[in-house]
Number of protein chains: 2
Amino acid sequence: MFSKATEYALRATIYIAQKSSVDNKLSIHEIAKAIDSPVSFTAKILQLLTPGNKVISAVRGPKGGFYITEQSKKLPVRAILIAMGESKILDKCVLGLNKCSEAKPCPMHSQYKNIKQQLISLFETKTIQQLAEDIDGGIAFLNSKKG
Amino acid sequence: MFSKATEYALRATIYIAQKSSVDNKLSIHEIAKAIDSPVSFTAKILQLLTPGNKVISAVRGPKGGFYITEQSKKLPVRAILIAMGESKILDKCVLGLNKCSEAKPCPMHSQYKNIKQQLISLFETKTIQQLAEDIDGGIAFLNSKKG
DNA sequence: ATAATTAAAGACAAAGTTATCTTTAATTAT
DNA sequence: ATAATTAAAGATAACTTTGTCTTTAATTAT
């Protein structure tokens with residue numbers, strides 16, 4: 001559904017939300033290892049989420065690393081998608097038409113519209129914090145490694 | 001949601017279903033123009049749908065071109081997706097985890113599962129014929145061109 | 001101040017997707 | 001048979017995504 005970059009962004013953000021605090025920042029190495037992603041690529045991706053502490057926060061130097069503010073934890077998943085430029089996926093129609101609309105619907109429009117709305121609402125209502133809590137509570141997992 | 005190749009495959013198949021018959025085959029040029037796709041690339045894509053008349057049929061030479069059998073018109077949209085190798089999209093989890101399952105669900109699993117099931121069932125029940133008929137009946141459109 | 005540590009920034013490489021162009025093969029009409 | 005027409009097949013190019021590596025900048029500790 002999303003690009004690898006966005007998948008890594010989602011996993012990284014959830015991991016950071018679960019494990020970090022201002023006094024316990026996480027290195028890019030720890031994050032990448034935990035979410036099973038390439039270190040340098042993940043570093044690049046997190047740079048899309050840090051400017052202006054948009055989603056996560058970073059500080060350089062010793063004792064530095066990544067963390068997320070309590071405020072940002074309350075952001076919906078959609079905030080990550082927007083930062084990753086994935087919002088068009090939730091606009092596009094199944095057939096990739098430029099002009100698919102209520103007035104000129106593609107033949108999948110009416111059914112897909114409803115499903116897409118559920119997706120949007122899932123990403124709009126689910127917060128980063130909720131996802132992290134599910135993992136903390138042991139009812140969800142972030143294990144990616146094959147085997 | 002799908003690759004450009006798959007979008008073109010879907011549009012082309014629907015167009016062929018709507019306009020062609022065994023006695024009125026369509027050239028790749030007409031198809032590509034109608035669905036607003038690059039001619040040669042579309043030709044390549046249709047080669048994925050023709051072997052064994054899997055989804056559409058093709059004959060070479062004068063009076064040749066593409067058409068679809070009445071039998072194939074009854075195929076579900078999913079047949080196109082399978083031919084295009086897109087089936088993994090409907091398996092993958094939102095976070096791209098290799099091991100997301102009922103036993104070890106990712107934190108989006110339970111909600112996404114339901115939405116994904118609706119998508120699968122849409123692609124499973126909707127037939128090529130139904131899509132073509134919606135266009136024929138004027139209640140749906142295949143217009144892609146910007147403007 | 002200096003050294004050490006960490007993310008940011010930038011250049012680059014590998015792989016995948018999208019797209020084009022040329023040649024070949026099949027079919028039809030003459 | 002020959003020429004004309006059409007899709008199939010193959011080579012290649014452009015672009016995007018994914019990934020790596022090196023250098024720079026910020027921060028901390030000594």
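Within every chain, numbering begins at 1; the chains are lettered A, B, ... in the order of the sequence lines, protein sequences first and strands thereafter. These numbers were taken from a predicted model, which means no experiment stands behind them.
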Only counting residues at least two apart or in another chain, list the ones meeting side chain to side chain contact (heavy atoms under 4.5 Å, CB included) with [X].
X       : answer
S101(B) : A103(B), K104(B)
T6(A)   : F2(A), S3(A), L10(A), L81(A), M84(A), E86(A)
Q118(B) : N114(A), I115(A), Q118(A), N114(B)

- Item | Salt bridge E30(A)-K19(A), side-chain N to carboxylate O under 4.0 Å | no

- Per-nucleotide protein contact along nucleotides 6-16 of chain C, 5' to 3', at a 4.0 Å heavy-atom cut-off (B base, S sugar-phosphate only, - neither), is BBBBBB-----

Rounded to whole Å, please give me the gap between [atom1] in [X] and [atom2] in [N].
X      : N       : atom1 : atom2 : value
K4(B)  : dT20(C) : NZ    : P     : 12 Å
E30(A) : dT5(C)  : CD    : P     : 17 Å
L48(A) : dT18(D) : CG    : C1'   : 13 Å

- Message: Once side chain to side chain donor-acceptor pair (under 3.5 Å) is applied, do any residues pair with Q129(B), and if so which ones, sequence neighbours excluded?
- Response: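 Side chain to side chain donor-acceptor pair (under 3.5 Å) list for Q129(B), sorted by chain: empty.
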
- Task: Please check the phosphate of dT18(C) (OP1 and OP2 only) for any side-chain N or O of Y8(B) closer than 4.0 Å.
- Result: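 So the side-chain polar atoms of Y8(B) never come under 4.0 Å of the phosphate oxygens OP1 or OP2 of dT18(C).
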
- Query: Any luck finding a side-chain donor-acceptor pair between N24(B) and S20(B) under 3.5 Å?
  - Reply: no

- Query: With Watson-Crick and G-U wobble geometry limited to distances under 3.5 Å, how should the secondary structure of DNA chain C be encoded in dot-bracket form, using | for bases paired to another strand and [ ] for crossing pairs?
  - Reply: ||||||||||||||||||||||||||||||

- Note on the structure: Shortest non-hydrogen pair, L97(B) vs C106(B), comes out as CD1-CB, 3.5 Å

- Query: Does K126(A) NZ have over 12 foreign heavy atoms under 6.0 Å away?
  - Reply: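 Above 12, so yes.
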
